[in-house]
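Below is one structure, written out as structure tokens; the observations come after it.
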Protein chains: 4
Amino acid sequence: MVEKRKRDSASDAKPVGKKRDAERTRLVIIQAAREEFAENGYDGARTDRIAVRTGMSKGVLYHYFNSKDDLFVAVLEDIYLELRSQNEALVLDDFEPEAGIRELIAHTYNYFVNHPEFIVLVNSENLMKSQHLERSQSVRSMFAPLSHRLGELISRGQEQGIFRANVDIIELYISIVGLGYFFLSNRWTLSVVFNRDLLAEGAEEKRLAHMTELVLDYLRNVKPMDGLK
Amino acid sequence: MVEKRKRDSASDAKPVGKKRDAERTRLVIIQAAREEFAENGYDGARTDRIAVRTGMSKGVLYHYFNSKDDLFVAVLEDIYLELRSQNEALVLDDFEPEAGIRELIAHTYNYFVNHPEFIVLVNSENLMKSQHLERSQSVRSMFAPLSHRLGELISRGQEQGIFRANVDIIELYISIVGLGYFFLSNRWTLSVVFNRDLLAEGAEEKRLAHMTELVLDYLRNVKPMDGLK
Amino acid sequence: MVEKRKRDSASDAKPVGKKRDAERTRLVIIQAAREEFAENGYDGARTDRIAVRTGMSKGVLYHYFNSKDDLFVAVLEDIYLELRSQNEALVLDDFEPEAGIRELIAHTYNYFVNHPEFIVLVNSENLMKSQHLERSQSVRSMFAPLSHRLGELISRGQEQGIFRANVDIIELYISIVGLGYFFLSNRWTLSVVFNRDLLAEGAEEKRLAHMTELVLDYLRNVKPMDGLK
Amino acid sequence: MVEKRKRDSASDAKPVGKKRDAERTRLVIIQAAREEFAENGYDGARTDRIAVRTGMSKGVLYHYFNSKDDLFVAVLEDIYLELRSQNEALVLDDFEPEAGIRELIAHTYNYFVNHPEFIVLVNSENLMKSQHLERSQSVRSMFAPLSHRLGELISRGQEQGIFRANVDIIELYISIVGLGYFFLSNRWTLSVVFNRDLLAEGAEEKRLAHMTELVLDYLRNVKPMDGLK
DNA sequence: AATGAATGAGGGTTCATTCAT
DNA sequence: TATGAATGAACCCTCATTCAT
């Protein structure tokens with residue numbers, strides 16, 4: 001977890017005390033809340049259990065955050081920030097267009113695989129029609145930089161004549177995300193209705209391969225009249 | 001609602017009796033519960049409000065269903081049954097392969113557009129790792145017939161040389177569903193992070209067009225060596 | 001207590017069952033709440049203790065009343081109604097003017113003596129600047145009939161030449177109430193600052209005698225020029 | 001505020017030290033607590049808000065006072081002391097008997113008008129049956145000097161033949177206080193039940209005039225046989 | 001002396017469920 | 001069969017007080 005990096009520097013003057021460290025406590029609470037919200041959704045989460053996870057008393061939650069709602073906002077901001085910082089670690093400029101797309105798909109997918117909390121948190125927020133995210137300044141337009149970089153990658157591919165024209169970047173990005181997200185989010189019901197164990201070993205990798213092929217075939221589909229449209 | 005059509009005909013052979021009222025009451029409750037669960041998710045739903053929606057007392061709920069959980073199972077079964085009956089109304093055999101795929105994509109997507117409850121209900125169930133659906137006999141393998149028919153459609157396309165080889169039917173179907181489902185389910189948070197109003201007029205149609213192109217380009221991508229694998 | 005008269009009639013058809021009697025339960029709750037609020041004030045009162053006093057579970061309070069506030073409104077309405085019904089039992093017309101005033105003073109004072117809850121309840125409400133009473137329709141102008149009757153009594157005395165002119169009825173009534181209310185309300189601190197035990201036997205009667213003399217001397221103070229003003 | 005005048009003079013003999021700051025901090029806390037208790041009563045008051053009012057941290061409160069209760073005792077002592085010092089500023093000896101009574105009534109009443117906190121504080125303490133005042137040495141018998149001086153005033157009036165005999169000084173003083181206190185304390189509920197705005201401009205002065213007349217008419221009521229009793 | 005983070009008992013309120021009628 | 005009063009565990013949150021720093 002990102003938070004764990006705190007106080008790693010050996011030159012830190014203060015002793016590594018566990019108590020009375022406000023910033024550290026804030027992070028401990030957000031981490032505990034993330035887990036609880038991720039396991040149970042917003043309505044299913046219990047402030048009592050969040051407190052237990054922190055190892056502190058319940059009152060502390062309200063010392064740092066005013067309400068369950070405010071805490072949920074903080075958790076959402078934290079995890080979106082984390083996702084963005086992971087996205088920024090991916091330098092698409094270094095890749096050839098097709099390889100760049102492969103990287104982006106895999107990178108995005110793997111974030112969800114490694115952070116299953118993200119999916120539950122975001123589903124919860126959509127159930128509530130984004131009422132918490134609306135209150136957050138830090139999340140609005142957060143994905144603009146990434147979609148810009150995706151646009152540049154597509155442009156390079158188009159200039160090289162290997163990618164099709166007429167690509168709506170945001171629709172494309174939603175597809176890239178959705179193809180993995182939906183699978184990971186809905187594995188349980190899908191396993192029942194298709195009678196195929198999508199939680200089994202190998203299922204995740206298989207999905208990634210399929211997704212990648214789907215998106216690349218779409219992009220590579222250069223038609224003679226593309227330049228004319 | 002689909003359920004309301006049941007048993008309306010006056011020429012029904014059976015005598016009018018209590019059985020029938022009981023069946024009708026069951027449906028009224030399921031309908032009320034579907035709405036409540038759809039608006040609030042499982043944990044956010046309130047049995048009081050379900051009772052109010054039925055116009056009957058709360059005790060009736062417990063007379064017909066033993067618990068909130070059992071009622072949720074009934075609601076899930078009901079809506080999956082509804083989806084299947086809609087799917088069965090779609091006769092893919094009548095179409096040329098490509099047109100058939102277009103029909104299937106549009107039909108599936110439109111069901112979600114017209115039944116937004118489905119998404120919330122299914123997301124809730126996935127949050128709970130399918131614990132209710134596991135108890136249901138009627139839902140298991142429910143989508144086997146449809147994926148079989150999709151397989152036949154793909155085969156026809158392959159035989160005609162217009163569809164690629166090596167298509168995993170279930171992966172493909174999950175993609176067809178997921179490309180629309182994810183968009184419809186996550187419109188609220190996506191609107192925030194991309195700063196684009198995905199709830200605006202026209203956004204739904206635009207999505208369908210993109211999805212259709214994506215899937216068809218994948219399927220049409222016939223390579224010279226396809227036959228050798 | 002007034003409520004206790006319920007179900008006294010021998011001809012009551014239904015068996016005197018203790019349970020499942022909504023109207024009775026409402027009264028039980030109001031009575032319990034009156035006691036709790038009277039002993040502790042609004043802020044000091046505990047819904048838990050009210051529940052214990054009713055002998056029922058806490059949830060019942062909220063089945064009948066929506067909140068502590070609403071319950072307090074109901075208690076205020078109930079006790080003001082009780083006071084008014086006691087006031088209406090006092091037929092001032094039957095008395096000579098002076099005797100009528102004596103009756104009114106004693107009657108009012110004795111109500112407070114016998115219902116010490118009234119004072120705490122009303123003090124609590126004044127601390128909160130009447131925010132609950134403002135929401136009540138039944139209490140507004142409740143004392144208009146009584147002040148009207150007091151006005152008639154004064155008029156009779158004035159016509160007989162034994163009462164002074166220029167009497168503001170409401171100011172007078174506030175004095176009649178206040179002279180007793182203040183003593184009864186503030187006995188504890190007054191006992192300390194004057195070092196006289198105002199809770200001792202006989203103190204209440206002594207107060208009543210003093211009050212009565214004070215008011216009557218004021219009213220009887222007929223001056224030669226009263227008729228000219 | 002009265003307290004602020006303390007220790008302002010630069011010619012103070014004692015050296016400027018920590019003692020003085022401590023004393024000043026005590027007064028700041030008492031002042032803040034007085035406001036908080038006055039606005040919300042004892043149970044409604046919050047130690048957090050008192051701390052905010054002082055501009056200092058909550059720990060300081062507990063450094064100077066051991067508990068909310070102890071702080072309340074200090075506030076009560078402070079305000080009673082203030083009332084007494086105001087009373088002592090009133091030299092009744094300078095007045096003719098009737099004018100002296102007028103002065104006393106107006107002076108007492110005006111203190112309450114200008115210090116509405118007093119009423120809430122004292123009502124709170126009576127709700128708790130004087131449990132805090134019992135612990136205070138400084139308040140016990142605090143009003144003995146004043147009632148002594150009132151007694152002397154009455155005596156002078158009796159000797160001059162203008163005041164009646166048989167006056168219980170304490171009952172009289174309670175009436176003088178109560179006639180104003182009750183009105184000021186209960187204005188909010190009285191306004192509702194009489195449907196007359198007692199918080200309006202002019203209502204306070206009207207009350208004072210009525211009260212004064214009431215008390216003086218009682219005192220002036222010299223009867224022929226007064227000397228014989 | 002002063003801070004403010006932390007405590008924990010308990011505050012008002014909610015809610016799935018039961019049960020007398 | 002149907003009602004809705006009653007239950008009681010639990011929910012989110014508050015608050016006087018303590019204590020490490």
Side-chain angles (χ1 to χ4, degrees), chain A residues 14-15 17-26 29 43-51 54-71, chain B residues 18 21-22 25 43-51 54 56-71, chain C residues 14-15 17-26 29 43-51 54-71, chain D residues 18 21-22 25 43-51 54 56-71:
Chain A
K14 288 189 213 166
K18 278 194 178 175
K19 295 201 162 186
R20 308 276 160 177
D21 182 337
E23 184 56 22
R24 184 191 187 82
T25 301
R26 250 191 81 90
I29 293 169
D43 283 312
R46 297 291 167 253
T47 56
D48 286 59
R49 286 197 297 249
I50 294 173
T54 63
M56 286 176 290
S57 79
K58 222 184 340 175
V60 178
L61 303 188
Y62 292 88
H63 186 74
Y64 286 86
F65 302 94
N66 290 317
S67 64
K68 190 183 179 183
D69 273 82
D70 284 4
L71 183 50
Chain B
K18 289 186 176 177
D21 291 345
T25 301
D43 283 310
R46 297 289 169 255
T47 55
D48 284 61
R49 287 198 296 251
I50 294 173
T54 63
M56 288 176 289
S57 81
K58 219 172 359 162
V60 178
L61 302 187
Y62 285 87
H63 183 74
Y64 284 87
F65 302 92
N66 290 317
S67 65
K68 190 182 179 184
D69 273 82
D70 284 5
L71 184 49
Chain C
K14 288 190 213 165
K18 280 194 176 177
K19 294 204 162 184
R20 308 276 160 179
D21 182 338
E23 184 56 22
R24 184 192 186 80
T25 301
R26 250 190 82 90
I29 294 169
D43 283 312
R46 297 288 168 255
T47 55
D48 286 59
R49 288 198 297 250
I50 294 174
T54 64
M56 286 176 291
S57 77
K58 220 178 350 168
V60 178
L61 303 188
Y62 291 87
H63 186 74
Y64 286 86
F65 302 93
N66 290 318
S67 64
K68 191 183 180 184
D69 273 82
D70 284 6
L71 183 50
Chain D
K18 286 186 178 177
D21 290 344
T25 301
D43 283 311
R46 298 288 169 255
T47 54
D48 284 61
R49 286 197 297 250
I50 294 173
T54 62
M56 286 177 290
S57 81
K58 220 175 354 165
V60 178
L61 302 188
Y62 286 87
H63 183 76
Y64 284 86
F65 303 92
N66 290 317
S67 65
K68 190 182 178 184
D69 274 81
D70 284 5
L71 184 49

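If you're wondering where the values come from, they're calculated on a predicted model, not measured in any experiment. Hydrogens, waters and symmetry mates play no part in the numbers below; they use all other heavy atoms, side chains included. Every chain is numbered from 1, with letters handed out A, B, ... down the list of sequences.
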Please report the interatomic distance CZ(Arg26(A)) to NE2(His63(A)), rounded to the nearest 0.5 Å. 11.5 Å
Phosphate OP1/OP2 of dA6(F): any His63(C) side-chain N/O under 4.0 Å: no
Atom CE of Met56(A) to atom C1' of dC13(F): distance rounded to whole Å? 17 Å
Can you measure from OH (Tyr62(C)) to CD1 (Ile29(C)) and round to the nearest 0.5 angstrom? 11.0 Å
So which protein nitrogen or oxygen atoms get under 3.5 Å of nucleotides 8-10 of chain F's nitrogens or oxygens?
none

What's the spacing between Leu71(D) CG and Thr47(D) OG1 if we round to 0.5 Å? 9.5 Å
Taking atom CD1 of Ile50(A) and atom OG1 of Thr54(A), what is their separation to the nearest 0.5 Å? 9.0 Å
Calculate the interatomic distance between Asp48(B) atom CG and dT13(E) atom P; express it in whole Å. 17 Å
Nearest-Å distance, CG (Leu71(A)) to P (dC12(F))? 11 Å
CG of Asp70(B) versus P of dA16(E): gap in Å, rounded? 14 Å
Remember a base hit wins even if backbone is also touched, and classify Ala51(A) as base, sugar-phosphate or nothing at under 4.0 Å, heavy atoms. nothing
Please confirm whether the shortest side-chain N or O distance from Tyr64(A) to OP1 or OP2 of dA6(E) is below 4.0 Å. yes
OP1 or OP2 of dT14(E) less than 4.0 angstrom from a side-chain nitrogen or oxygen of Tyr62(C), does that happen here? no
From CG of Leu61(A) over to C1' of dC11(F), roughly how many Å is that when rounded to an integer? 13 Å
Is the distance from OP1 or OP2 of dA6(F) to the nearest side-chain N or O of Thr25(C) less than 4.0 Å? yes
Where do Met56(C) and Val60(C) come nearest, in terms of heavy atoms and distance? CB-CG2, 4.2 Å
Quick one: which of dA5(E), dA5(F), dT17(F) gets closest to the side chain of Ala22(C)? dA5(F)
Watson-Crick or G-U stems of DNA chain F, 3 or more pairs, under 3.5 Å, by first number: E:2-21 with F:2-21
Earlier contact from the 5' end, DNA chain F, for Gly55(C) and Ser67(A): Gly55(C)
To the nearest 0.5 Å, how far apart are CG in Asp70(A) and CG in Leu61(A)? 12.0 Å
Given DNA chain E, 5'-ward residue of the pair Lys68(B) and Asn66(C), judged by closest heavy atom: Asn66(C)
Integer-rounded Å distance: dT21(E) P and Arg24(C) CZ: 13 Å
dG4(F) P sits how many Å from Glu23(C) CD, rounded? 16 Å
Return the minimal non-hydrogen interatomic distance between Ala51(A) and Lys58(A), and the atom names on each side. CB-CA, 3.7 Å
To the nearest Å, how far apart are Phe65(C) CZ and dA6(F) P? 12 Å
